[in-house]
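Naming: A, B, ... by sequence-line order, numbering from 1 per chain.
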Protein chains: 2
Amino acid sequence: MESMTPPTFSISAVERETGLSKDVLRKWETRYGFPAPLRDGLGERAYPLQQVDRLRLIKRLMDAGFRPSRLVAESEDGLNALAQASQSKVQRGGQIDVENLTLDKLQLQDPNGLRQLLYREMLRLGIEHFVLDTLNQLNIAVGDAWARGELSVHQEHLYTEAVQWLLRDVVAGLSVSHGAPRVLLTTLPDEQHSLGLLMLAALLSLRGAYCISLGTQTPAQEIIEAAHAYQIDIVALSFSNAYPQRRIIPALAELRQQLASSKSIWAGGAGCARLHASPEGTYLSPEMEQGMALLAAWQAAH
Amino acid sequence: MESMTPPTFSISAVERETGLSKDVLRKWETRYGFPAPLRDGLGERAYPLQQVDRLRLIKRLMDAGFRPSRLVAESEDGLNALAQASQSKVQRGGQIDVENLTLDKLQLQDPNGLRQLLYREMLRLGIEHFVLDTLNQLNIAVGDAWARGELSVHQEHLYTEAVQWLLRDVVAGLSVSHGAPRVLLTTLPDEQHSLGLLMLAALLSLRGAYCISLGTQTPAQEIIEAAHAYQIDIVALSFSNAYPQRRIIPALAELRQQLASSKSIWAGGAGCARLHASPEGTYLSPEMEQGMALLAAWQAAH
DNA sequence: CAATCTATTTGTCATGGACAAATAAATGGA
DNA sequence: TCCATTTATTTGTCCATGACAAATAGATTG
């Protein structure tokens, strides 16, 4: 038992853990000299935990807008400093008094407490206010804390689960089979974040829309088919920051081309925030409020 | 408008749509001569829709146990015949009278009806019976129908969503903060199916356990950390058929090695069904019932 | 100071070869 | 004949290197 082998990761394990493709991992190695994995007996890359952690941090900062060459060159302290600095600037609306408490609860490892807290807050504020303000800001707060490394992945998972639990309950309670418009909610493959979708579903349901959620990662072909089958008026897609920006527009264009022109396409989520224009007949609404405005417009027009 | 370009897919699009890695797609091309994508102006592979569909079908059948060389050689009709034949043999317990009705509902594009139907059935049978029998068999029925190509992806998504909606509600209602054992439920990266997890959570909660769900795709490191932080007694992981068998044992072994030996590790889901032995101190329970037995054993021992 | 043009950065794709792990096929007793 | 063990084949993943377009930053000019 003298020689415990320290844990290392294969290239595909690192791809999974960091979200950086194998190609990218290899290219960085030759271009920047980092990562610099060890090699196992077979000559295959073996990434030490430390490097994987660093890669994770770099990926976070890239999602926040930094470029790799900059980050890879940075020292450990430099990276951490950047992470500290990369706070979301968005601070609209009044402070939510529950925010700190909730982050505390998360850090206190109290999943049930968190759920109850959110539920009570929702009852107090009403769904619309709760979703538009509290959840919105909480998401940002959690995202920031995570980017700064103050929250571990499992804590973030826990938060996501708690909110999902809550919102699904709400949406299920609000559903009526004859609402209008009929909205199909989902994400494209490679996009796993569904919180935004659920929040939108809650808000739209509140205003009388009929929401059908397909969960995450529905192939484009299937979206088309489902939109037809369920006689959908509006297809709502969500893109998180992690979704490669450059793929959004083409994806929307492709959908637009194949979908009956009577059906609208909405794209929401933080991933859309930095986009300026979208293909003809598709609508960007990085903020929830804009989604509500789009709904109002649709309902007025019909 | 004479020449509409027929839609083609890039290699990464095909990877997303089919779940076959780029490496595999390229290798099959040289080894078996299929797929045989066109090339665009840049010399890059451009897969016609027809080939993508065929790849999807092949992937389905591979998940059902067939080997690629066999499938790739097969004719179109041959593949369809195989898909027809690959029914799950499991038909234990009495027929559930609701099954056909539910599949009908799915095919009738009636998401709300489905949810209500499931809910009513749950009330009628009681949660335990409903989960162990109805849902279990429904899952198999849906999985089979999907493998046979009778169900499209969006319909399967819809089913999954409906069940999730239902079960989350149930689990939330059952949660008590002082139950024992304390169970952490999640899946490893690359495993996105969480239905089994939710079903287990419902059953365990019913029997007094305290369940903490982290959703899907929690990195191994994070599971360790969370197990410690939440003072977990049992870590329950779920593996679907789609999860590469060969990675299950090593993954369990790695977890076992890093996790305090006082904490149990359970592995469930259809992906475990074909495994015979598991690492020391970890337990396989491809069937829900076995999970219940494990729980009973744990509770008896404490 | 805004807009346009050049240079660099960056991700993805391609090719072709190697190898271990998984699976099937063949072999040799009981 | 059937089970267990050994040999072959299949199969996924990895490696190295090179090419190129799209995205971004930096320079230049009106």
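- Between the CG atom of L38(A) and the P atom of dC14(D) there is a distance of 17 Å, rounded to whole Å.
- Spacing between atom CH2 of W28(B) and atom P of dT13(D) amounts to 11 Å, rounded to whole angstrom units.
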Between the protein and nucleotides 18-23 of chain D, which nitrogen or oxygen pairs are less than 3.5 angstrom apart?
{"unit_1": "dG18(D)", "atom_1": "O6", "unit_2": "K27(A)", "atom_2": "NZ", "d": "3.0"}

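- Annotation for R256(B) and S261(B): closest pair NH2-CA, 3.5 Å, computed over non-hydrogen atoms.
- When the C1' atom of dT9(C) is taken as reference, atom CD1 of I58(A) falls 16 Å away, rounded to whole Å.
- Counted by atom type alone, E15(B) and S12(B) present zero donor-acceptor pairs between their side chains at under 3.5 Å.
- Put simply, the side chain of Q290(B) gets close to the backbone of E287(B): a donor and an acceptor are under 3.5 Å apart.
- Using a 4.0 Å cut-off, some side-chain N or O of S12(A) falls inside it from OP1 or OP2 of dC14(D).
- Here R45(A) reaches the OP1 or OP2 of dA16(D): one of its side-chain N or O atoms lies under 4.0 Å away.
- Closest approach to the R39(B) side chain among dA14(C), dT10(D), dC14(D) is made by dA14(C) (side chain taken as heavy atoms from C-beta onward).
- Rounded to whole Å, the distance from CD1 on I11(B) to P on dG11(C) is 19 Å.
- Rounded to a whole Å, the NZ atom of K59(A) is 13 Å from the C1' atom of dG11(C).
- Across all strands shown, S21(B) has heavy atoms under 4.0 Å from sugar-phosphate atoms exclusively, and none from any base.
- Rounded to an integer number of Å, the gap from E29(A) CD to dT17(D) C1' is 13 Å.
- Checking Q217(B) against Q192(A) by side-chain atom types alone, a donor-acceptor pair falls below 3.5 Å.
- Proximity of L200(A) to S238(A): side-chain heavy atoms (C-beta onward) are nowhere separated by under 4.5 Å.
- For S69(A), counting side-chain heavy atoms from C-beta on, the closest listed nucleotide (dT10(D), dC13(C), dT10(C)) is dT10(C).
- Of the side-chain N and O atoms in Y32(A), one or more sit less than 4.0 angstrom from OP1 or OP2 of dT10(C).
- Between the CG atom of L25(B) and the P atom of dG16(C) there is a distance of 17 Å, given to the nearest Å.
- No contact: R70(A) has no heavy atom under 4.0 Å from any strand.
- Nearest-nucleotide positions on DNA chain C for K22(B) and G65(B) put K22(B) closer to the 5' end.
- Proximity of T187(B) to H193(B): side-chain heavy atoms (C-beta onward) are nowhere separated by under 4.5 Å.
- Regarding contacts with the backbone of dG16(C), every side-chain N or O of T30(B) stays at 4.0 angstrom or more from both OP1 and OP2.
- With dT10(C), dG11(C), dA14(C) as the candidates, the nucleotide lying closest to the side chain of M62(A) is dG11(C).
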Chi angles and distances behind the salt bridge (charged side-chain N to carboxylate O under 4.0 Å, His left out) call for E150(B), R60(B) = CA-CA 12 Å; E150(B) 293 169 10; R60(B) 277 182 211 161; over 6 Å; no

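- No salt bridge links E44(B) with K22(B); every basic N to acidic carboxylate O contact stays at or beyond 4.0 Å.
- Look at CZ on F66(B): it is 17 Å from C1' on dT10(D), rounded to the nearest Å.
- Positionally, the nearest nucleotide of DNA chain D for P68(B) lies more toward the 5' end than for the other of P68(B) and R26(A).
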